[in-house]
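Remarks on the structure that follows.
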Amino acid sequence: MKKYILAFDQGTTSSRSILFDRKGNILHQASQPFRQIYPKPGYVEHDPEEILKAQISSAEKVIKEAGISVPEICAVGITNQRETTVVWDKRTGKPVHNAIVWQCRRTAPLCETLKEKGFVPLFQKKTGLTLDAYFSATKIKWILDQDPAFLKEAQEGNYLFGTMDTWLMWKLSKGSIFATDYSNASRTMLYHIHDLCWDEEILSILGIPKIMLPEVRPSSYYYGDIDPSFFGEPLPIMSVLGDQQAALFGHGCFEEGYAKNTYGTGCFFLINTGKTPVRSENGLVTTIAWGIGNEVTYALEGSVFIAGAVIQWLRDEMGILKTSAESEQMALSVPDTLGVYLVPAFTGLGAPTWDMSARGTVVGLTRGVNKNHFVRAALESIAYQSADVINASLEDMKNPLKVLKVDGGATQNNFLMQFQADILKCPVMLPNTPEMTALGAAYMAGLTAGVFEDLADIQKNNTYSKTFYPAMPEKEADQKYQGWLKALEAAKAYKA
Ligand code: ADP
């Protein structure tokens, strides 16, 4: 019997390969970083060929080091950094430009022009997204605008567009797979998430030829095989999912109302809203979580720009900490922040406040405040900002949260996780495996391959190392949160 599932986790800074057994346990993993290219302030690019090489070499490494043979792998699952855009020439297989990374702001002026023309409601209604440079649509337009010949090539079907999943599959199948899944398509800002098709009107507004777009398939789907020239044997690709959606799936958030928050540099919150898309009145985006068979599951998504990054800042710029981990002991060495709130609005405030001109603010300083209070306020700010996003989504869904599943580097901080449970008044569950994104892709591939019978069969494998239950009196939690809301007002009031 084929024993293993291989997940490709094509992230923003590295391409990783992780080998799972049939129960979702990690057997071995390998990672290969690639260059971050910054041609100008605010511009971020990747070399697509380098990403492909990094993916292949990490897979070779994991297979070799785990001591398994390729025929023992029953399925490959792909999860990827979302929105990052590559356009390539299908005749040569060469990218026509470096990939434009999701973080890249180069198309912000184009988005402003579209906003001025009144297109925000149209984009929101069809794609579920706020009109922003983050998503692929304006990045594709920018590439096509670089040379008068590009548009013609695209119209004639010579140029293809893909997010990283599409690019990897096309290359690894030697051009025979040109596809993406619903979750990735829903982040391009070109996909009609209700009608489940590329949207002709948006394509015509942006002047993007439909012929350059990939087929959209379910996330659980047999896409085709990796050509045997890469690993010696053909390997079937059995799932594709964007990274945040994959983490939601990895956590087993299969039902409406189940949610996960990832605590990394920023935070990414997703809540499963079931078979119907929920439109946010609070600045969150509506997205497709995944498609299985004929059914599509939707999610609401919100993010916090500065989360773990505030701890990095205290460490690297302020020199208050030596290591991120040290923040836990420092926070616990004082009973509270002595009334201090730190709002790390270094790049403005995201959902649900949306104030791009807000800047970092500290309020409530008194003579007795020391660095431990300050560090504690920084950690609490991560929980408050997450609570803002989570509460906004719950208002949209009109439902309380049953439990929050968590992952990411900063979940190692017990103080932070406990404080999050206290402020949300809801249990916070930390899984045993830290690799939720790759696990989600592996579970989905295993579902396609018949390793798992159904979602319940997958759910059985998920185990949690810790659950943080709310312990703070509710009144105290409310008072603290009210203080945070006042601090947010202060951050908004100051204009540089
Ligand atoms: P990313 O994938 O965004 O690079 P990770 O999931 O690796 O992030 O998490 C790293 C972030 O978590 C860093 O910003 C770091 O400061 C923060 N972090 C890591 N460990 C801790 C800790 N024990 N307490 C608080 N923050 C932490």
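Just so you know, ligand 1 is whichever comes first in the structure, and atom 1 is the first atom listed for that ligand.
- Residue, atom and distance of the protein heavy atom nearest to atom 26 (N) of ligand 1 are Ala410 CB, 3.6 Å.
- Close approach of ligand 1 to Gly264 (heavy-atom distance below 4.0 Å) involves ligand atoms 3 (O), 5 (P), 6 (O), 8 (O), 9 (O), 11 (C).
- Looking from atom 22 (C) of ligand 1 to the surrounding protein, the closest heavy atom is Ser324 O, 3.7 Å.
- For the side chain to side chain contact (heavy atoms under 4.5 Å, CB included) criterion with Leu248, the lone passing option out of Glu301, Lys260, Met436, Lys405 is Lys260.
- Checked against side chain to side chain contact (heavy atoms under 4.5 Å, CB included), Ser186 has the following partners two or more places apart in sequence or in another chain: Ile193, Gln245, Thr287, Ile288.
- Heavy-atom contacts of Ala309 reach the following atoms of ligand 1: 14 (O) (cutoff under 4.0 Å).
- Close approach of ligand 1 to Ser327 is summarised as follows: ligand atoms under 4.0 Å from at least one heavy atom of the residue are 24 (N), 25 (C).
- Taking any N or O of Asn413, backbone or side chain, at least one lies under 3.5 Å from an N or O belonging to ligand 1.
- Cation-pi contact between Arg106 and Trp142: present, with separation from the ring centre below 6.0 Å and deviation from the ring axis of at most 45°.
- Considering both main-chain and side-chain atoms, Gln312 comes within under 3.5 Å of ligand 1 through a nitrogen or oxygen pair.
- Around atom 7 (O) of ligand 1, the closest heavy atom drawn from Gly409, Gly408, Ala325 belongs to Gly409.
- No heavy atom of Glu328 sits closer than 4.0 Å to any atom of ligand 1.
- Distance check for atom 2 (O) of ligand 1: every protein heavy atom is found at 4.0 Å or beyond.
- Here's the thing with Gly308: one of its N/O atoms is less than 3.5 angstrom from an N/O atom of ligand 1.
- Ranking protein heavy atoms by distance to atom 4 (O) of ligand 1, first place goes to Thr265 OG1, 3.5 Å.
- Screening Glu49, Glu50, Glu45 for a salt bridge (charged side-chain N to carboxylate O under 4.0 Å, His left out) involving Arg35 leaves a single residue, Glu50.
- With sequence neighbours excluded, the residues forming a side chain to side chain contact (heavy atoms under 4.5 Å, CB included) with Met318 are Trp313, Leu314, Ile320, listed by chain and number.
- Just one residue in the list Asn413, Ile311, Val304, Ile306 forms a side chain to side chain contact (heavy atoms under 4.5 Å, CB included) with Ile382, and that residue is Ile311.
- Asn391 and Glu395 share no side-chain donor-acceptor pair at under 3.5 Å.
- The six-membered or imidazole ring of Phe419 lies near that of Tyr384, with a centre-to-centre distance under 6.0 Å.
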